[in-house]
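After the structure tokens below, expect a handful of questions from me.
Order of the sequence lines sets the chain letters (A, B, ...), proteins ahead of strands, with each chain counted from 1. Atoms considered below: every heavy atom in the structure, side chains included; atoms not considered: hydrogens, waters and symmetry mates.
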Amino acid sequence: DSGVTQTPKHLITATGQRVTLRCSPRSGDLSVYWYQQSLDQGLQFLIQYYNGEERAKGNILERFSAQQFPDLHSELNLSSLELGDSALYFCASSVALGQRGGSGVYEQYFGPGTRLTVT
Amino acid sequence: GQQVMQIPQYQHVQEGEDFTTYCNSSTTLSNIQWYKQRPGGHPVFLIQLVKSGEVKKQKRLTFQFGEAKKNSSLHITATQTTDVGTYFCAINTNAGKSTFGDGTTLTVKP
């Protein structure tokens, strides 16, 4: 158990709909990352938040948005859903950004994921 | 942004054989991380390498960072069925951006 929680575990919805995925980071972690993993694919970085602020964007579609709340939980909103949006969505958290003893960034702890199926 | 190529995509081995996956970048990396994802599971952090030429070991796993800090490898000695899964390398920047390799999926035949 990584300490990162994600809800719901599974989500089935229709094309054109909007869904919200929720992530609670490990206690004390300020940084939250969102990833998309399609079937047999690698992990595509979507977006990263640190202490409530957006810090980095990856290959996130305009139909997708995210935010991190004052209690540090994060939500990923997916709208106008298409069949191709069906995937596993992972959230990960890390302690902070910046240097760790001068050695680089911190490791990420992943949640169990939300499996989204768009029909 | 920074890209990382990971090979091979798949590796099938007999239990007891060795396994190696490689990550290569065209640019110099400040660090590289390795993760393992079991079938049906989520990625789990294994290790981070930072120094040029660094070698770290975790039991049967050996991780290396190239002298030029442009490549890295993960080697498993005498694979076991518990080693099955997909192994990813990852590059993370202080700015927050994260790039994962496409992963190498390892299957082990008992």
Check the surroundings of atom CZ in A:R26: do more than 12 heavy atoms from other residues, nucleotides or ligands lie under 6.0 Å from it?
-> yes

Under 4.5 Å heavy-atom distance to chain A, tell me which part of B:Q37 shows up: side chain, backbone, both or neither.
-> side chain

Under a single-linkage definition using a 4.5 Å side-chain heavy-atom cutoff for Ile, Leu, Val, Met, Phe, Trp and Tyr, are B:M5 and A:L43 assigned to the same hydrophobic cluster?
-> no

Is A:Y89 reachable from A:V32 through a run of hydrophobic residues whose side-chain heavy atoms are each under 4.5 Å from the next?
-> yes

Short side-chain to backbone donor-acceptor contact, B:Y35 and A:Q108, under 3.5 Å | yes

Report, as yes or no, whether the 6.0 Å neighbourhood of atom CZ on B:F45 holds more than 12 heavy atoms from other residues, nucleotides or ligands.
-> yes

Atom CG of A:N59 and atom OG1 of B:T99: how far apart are they, to the nearest 0.5 Å?
-> 8.5 Å

Reported CD-to-CD distance for the pair A:E107 and B:Q48, which is rounded to 0.5 angstrom | 7.0 Å

B:F63 reachable from B:F19 in the ILVMFWY side-chain graph, under 4.5 Å edges = yes

Spacing of OH belonging to A:Y33 relative to CG belonging to B:N92, to within rounding of 0.5 Å | 5.5 Å

Close side-chain approach of A:S2 to B:V44, heavy-atom, < 4.5 Å | no

Decide if the gap between the ring center of A:Y35 and the ring center of B:F100 is smaller than 6.0 angstrom.
-> yes

Report, as yes or no, whether the 6.0 Å neighbourhood of atom CG on B:N24 holds more than 12 heavy atoms from other residues, nucleotides or ligands.
-> yes

How many angstroms lie between atom CD1 of A:I47 and atom OG of B:S98, to the nearest 0.5 angstrom?
-> 13.5 Å

Within 6.0 Å of CD in B:Q14, more than 12 heavy atoms from elsewhere | yes

Do you know the tightest heavy-atom contact between B:G41 and A:F90?
-> O-CZ, 3.8 Å

